[in-house]
Amino acid sequence: MKRILNFAVVAVMAGMMTQCGNNNKTNTAPADEGDTIAVEQNTLAMVYGICGDGSAMNTLELYTDTGDTLNIALEKAKEDNKVFGGYSVGDRMAVYLDKKTMNPEVVINESTLMGNWLMPNPIDGSSILGISIKDGGIAESINQPVIIFKTWRIIDGKLEITLVREGGGDEQETNTYTLDKLDADSLIFFGPEDRFEYGRKK
């Protein structure tokens, strides 16, 4: 019986020494895989600003709305055909940027995007209809009494347009589109089911 008690005392003392030793260590929980993915995704962000005079053939100098000056390399974005509308000093730009690597995923010239865009009626081609993209995020319909465009913005490198349909009350519908082409004369974008090919109104 005495031997059993002595063994128990020794075991308890050993456990206490182990706990004391562990108090000097920092317990680091393994990173959750989901958290890691979230951090990586959060490195992508929209940056808005004005094209600066330090821009060159493969570099965009951007005076951001938050007061920073960024020099963004455009070689890869150009190779991937992800620079839309070109860029000139003073143009309003929207850049979907990986802030960790400073590599742009998508570069969109909002100044080029703004204007009146027209296309033949996709139903029968008997009329011309379109969209007017204006400064301040305002969008308006052209010859479309059934669809009333309300707002637009560039978010996550895509064009988002809100509208109201005639007979639908005040309920707004938001659609997000991927740009395929944007230049001085053409605007082409598409969604899961539709593709729109506009020409600039002369």
Identify the heavy atoms of [X] and [Y] that sit nearest to each other, and give their distance.
X: Pro122; Y: Met119; answer: CD-CE, 4.2 Å
X: Pro145; Y: Ile148; answer: O-CG1, 4.4 Å
X: Thr176; Y: Lys158; answer: CG2-CB, 3.7 Å
X: Gln144; Y: Leu129; answer: CG-CB, 3.6 Å

Open item on the list: Quick check for you: to the nearest 0.5 Å, what is the distance between Thr43 atom OG1 and Leu97 atom CG?
Closed with: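 Rounded to the nearest 0.5 Å, the OG1-CG separation comes to 9.0 Å.
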Open item on the list: Using the rule given for salt bridge (charged side-chain N to carboxylate O under 4.0 Å, His left out), can you reason through Arg195 versus Glu197, listing the C-alpha separation, both sets of side-chain angles and the distance that settles it, and then say yes or no?
Closed with: CA-CA 7 Å; Arg195 179 179 176 86; Glu197 300 185 5; 3.0 Å; yes
- [ ] Please identify each residue that fulfils side-chain hydrogen bond (donor to acceptor under 3.5 Å, both in side chains) with Lys134, with sequence neighbours left out.
- [x]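 Lys134 satisfies side-chain hydrogen bond (donor to acceptor under 3.5 Å, both in side chains) with Glu140 only.
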TODO: Can you establish whether the number of heavy atoms outside Asp68 located under 6.0 Å from its atom CG is more than 12?
DONE: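 Result for CG/Asp68: enclosed.
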Task: side-chain contact (heavy atoms from CB on, under 4.5 Å) between Met93 and Ile108, intermediate numbers included - done: CA-CA 6 Å; Met93 306 296 298; Ile108 299 172; over 6 Å; no
Task: Those residues that, when tested against Lys76, pass salt bridge (charged side-chain N to carboxylate O under 4.0 Å, His left out) (two or more places apart) - done: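 Per chain and number, Lys76 pairs via salt bridge (charged side-chain N to carboxylate O under 4.0 Å, His left out) with Asp80.
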Report yes or no: does [X] contribute a side-chain atom to a donor-acceptor pair with the main-chain N or O of [Y] at less than 3.5 Å?
X: Thr59; Y: Ala56; result: no
X: Lys78; Y: Met57; result: yes
X: Glu61; Y: Gly54; result: yes
X: Thr112; Y: Ala184; result: no
X: Trp152; Y: Ile138; result: yes

Open item on the list: Show, in sequence, the C-alpha distance, side-chain angles and deciding distance for Ser132 and Asn116, and conclude whether the side chain to side chain donor-acceptor pair (under 3.5 Å) test is met.
Closed with: CA-CA 4 Å; Ser132 179; Asn116 295 326; 2.6 Å; yes
Side-chain donor-acceptor pair under 3.5 Å between [X] and [Y], yes or no?
X: Asp91; Y: Asn109; result: yes
X: Glu105; Y: Asn103; result: no
X: Thr162; Y: Thr151; result: yes

TODO: Mind jotting down which residue pairs meet the ring-ring contact (aromatic ring centres under 6.0 Å, His included) criterion with at least one end in residues 164-188? Sequence neighbours excluded, please.
DONE: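 Qualifying pairs, neighbours excluded: Tyr177-Phe189, Tyr177-Phe196.
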Could you tell me if the side chain of [Y] sits less than 4.5 Å from the side chain of [X], heavy atoms only?
X: Tyr48; Y: Glu110; result: yes
X: Pro104; Y: Tyr96; result: no
X: Ile131; Y: Tyr198; result: yes
X: Asn121; Y: Ile128; result: no

Task: Stepwise salt bridge (charged side-chain N to carboxylate O under 4.0 Å, His left out) test for Arg92 and Asp65 - done: CA-CA 10 Å; Arg92 176 80 181 164; Asp65 291 348; 2.6 Å; yes
Task: Sidechain N-carboxylate O distance under 4.0 Å for Arg200, Asp183 - done: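 No, this pair does not count.
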Open item on the list: Under 4.5 Å between side-chain heavy atoms, counting indirect links through other Ile/Leu/Val/Met/Phe/Trp/Tyr residues: same cluster for Leu113 and Leu163 or not?
Closed with: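 Linked, Leu113 and Leu163 end up in one cluster.
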Task: Phe84: which of Val107, Ile154, Val106 passes side-chain contact (heavy atoms from CB on, under 4.5 Å) - done: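 Of Val107, Ile154, Val106, side-chain contact (heavy atoms from CB on, under 4.5 Å) with Phe84 is met by Val106 alone.
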